[in-house]
Amino acid sequence: MAKFKVLIDPGHGGKDPGAVDNGLLEKDIALKVSLGIKARLEAAYEDVQVLLSRSTDVFLELKERTNKANAAGADILVSIHCNAGGGKGGFETFRYTSASQSSIKLQDTLHKAIMSKLGGIDRGQKAKNLHMVRESKMPAVLTENLFVDVAADADRLKQASVIDAIIDGHVLGIASYLGLAKTKEDKPVTQERDINVPSSWAKETWEALTKKGFFDGTRPGAPITREEMAIVVNRVLKYVD
Ligand SMILES: [Zn+2]
């Protein structure tokens, strides 16, 4: 069982598209980013399980989302959104107005990790009386990943590399906050041997017996069948005679 449970909450969904502009739907971006966070966090780190409040385009009340996180006993909650409201655009995060020290630390770690990957305008680490960060019992942060109604941000949100940066930033920040260990990438890979080259420990014997004519000298690493064995035995018996 995984040591840490992370609840990722893709904002909006179903009949609630969130912010809509420039051909972008906030609910779709939030879901894409959230699914990416789950896939990459679980693949790259040990001892972590990512629960999603929704994994498809369905509508959920805010209460259903925090209830799920609280019931699951999640260690942290991150709610994924995109912004709207014009201006210059950029990235910002929210914690509850009277957030715990853990929430403040989670926000700081996550915010810096995402900015390091995403770049652009940093609108800062903010506090607001939002349901998702108020009603969750664990450290909780809401991220506002660029503005769908600011042309420059919308252009960025249409690029796969920018979505990747948002995903990677969240993964990095969550792993750093929880102190997750990377999965071992250098797992011993079974070396495919070259059957045409004798193993060093057998080389001398192989060459001596080949010289005597018991083997034809080819494919020293290949398995032998019973009929091939019979032929070898026959050659040995003739040699002994
Ligand atoms: Zn939203």
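Atoms within a ligand are numbered from 1 in the order they appear, just like the ligands themselves.
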Task: Check ion pair Asp28-Lys32 (N to O, under 4.0 angstrom) - done: no

Task: Polar protein atoms near the Zn ion (ligand 1) [N, O or S; cut-off under 2.8 Å] - done: His12 NE2, Glu26 OE2, His81 ND1

TODO: Linking directly or through intermediates, with side-chain heavy atoms under 4.5 Å: list the remaining ILVMFWY members grouped with Val150, chain and number order.
DONE: Phe147

Task: Tyr96 six-ring face occupied by Lys128 cation (under 6.0 Å, within 45°) - done: no

Task: Flag for His12-Glu26: side-chain donor and acceptor within less than 3.5 Å - done: yes

Task: Single hit among Lys137, His131, Arg134 for side chain to side chain donor-acceptor pair (under 3.5 Å) with Thr66 - done: His131

Task: Backbone N/O of Ala140 and side chain of Ser103: donor-acceptor pair under 3.5 Å - done: yes

